[in-house]
J.: 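Submitted below is the structure of interest, expressed as structure tokens.
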Amino acid sequence: MKYTKSIDNQSLWTSLGKKPTAFFPIVDYEVLINLVWKSEFLYDLSNYQDLIEKSLKPIIVQNVPRQYYEINKNKNKNIKGILKAFKKGEKK
């Protein structure tokens with residue numbers, strides 16, 4: 001792959017043996033470096049929140065029990081998205 005200008009995704013997936021569960025979005029390097037410098041998460045930026053939630057939804061649905069959704073929905077009707085529970089600085 002050193003001399004090719006594009007990646008052959010089909011060969012990559014075949015060699016892995018399984019299909020990827022989720023695809024994480026491409027984020028500019030400058031944005032990531034600024035977040036690391038400030039000790040913040042990508043989810044802290046409002047313009048990336050929906051994109052991250054859509055990307056990680058297949059993983060969250062497979063790994064988080066459905067009872068958690070129901071409990072969280074009844075207690076916190078005003079919280080948008082499951083990832084808000086993990087946001088920096090919030091207490092349970």
Side-chain angles (χ1 to χ4, degrees):
M1 297 192 120
K2 182 177 178 181
Y3 299 106
T4 60
K5 294 188 181 203
S6 65
I7 298 172
D8 183 12
N9 288 330
Q10 191 66 27
S11 299
L12 177 65
W13 292 343
T14 305
S15 66
L16 291 176
K18 289 188 175 183
K19 225 174 149 183
T21 306
F23 293 96
F24 200 77
I26 297 172
V27 180
D28 291 332
Y29 184 71
E30 292 88 18
V31 171
L32 294 175
I33 292 299
N34 286 334
L35 289 171
V36 169
W37 183 258
K38 296 176 189 175
S39 298
E40 293 180 350
F41 295 108
L42 183 61
Y43 193 73
D44 291 338
L45 299 176
S46 60
N47 53 344
Y48 285 102
Q49 286 179 357
D50 289 336
L51 187 63
I52 291 173
E53 285 183 9
K54 287 178 188 175
S55 301
L56 296 180
K57 186 176 180 180
I59 296 171
I60 293 170
V61 167
Q62 285 182 356
N63 295 314
V64 175
R66 180 158 304 280
Q67 293 86 6
Y68 178 78
Y69 291 112
E70 312 232 341
I71 292 170
N72 195 19
K73 191 184 298 181
N74 292 336
K75 285 185 179 179
N76 302 318
K77 291 184 179 180
N78 59 351
I79 291 180
K80 180 186 173 230
I82 192 169
L83 293 177
K84 287 268 187 183
F86 301 107
K87 191 168 179 183
K88 184 171 70 172
E90 286 188 18
K91 295 181 181 178
K92 291 183 181 181

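Worth saying up front: this structure is predicted, and the values here are computed from it rather than measured.
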J.: Tell me every residue that passes side chain to side chain contact (heavy atoms under 4.5 Å, CB included) with Asn47, counting only those two or more places apart in sequence or in another chain.
T.: Leu45
J.: Any donor-acceptor pair under 3.5 Å linking the side chain of Asn34 with the backbone of Val31?
T.: no
J.: In the hydrophobic clustering that connects Ile, Leu, Val, Met, Phe, Trp and Tyr at side-chain heavy-atom distances below 4.5 Å, which members other than Ile33 occupy its cluster, ordered by chain and number?
T.: Tyr29
J.: Starting at CG of Leu56, measure out to CZ of Phe24 and round the result to the nearest 0.5 Å.
T.: 6.0 Å
J.: Drop me the distance from Gln49's CD to Leu42's CG, to the nearest 0.5 angstrom.
T.: 9.5 Å
J.: If you group Ile, Leu, Val, Met, Phe, Trp and Tyr whenever their side-chain heavy atoms sit less than 4.5 Å apart, what else falls in with Val36?
T.: none
J.: On a heavy-atom basis, which atom in Ser55 and which in Ala22 lie closest, and how many Å separate them?
T.: O-CB, 3.2 Å
J.: So, using side chain to side chain contact (heavy atoms under 4.5 Å, CB included) as the criterion, who are the partners of Thr21 when residues are at least two apart?
T.: Pro58, Ile59, Gln62
J.: Which residues pass the side chain to side chain contact (heavy atoms under 4.5 Å, CB included) test with Phe23, not counting sequence neighbours?
T.: Trp13, Pro20
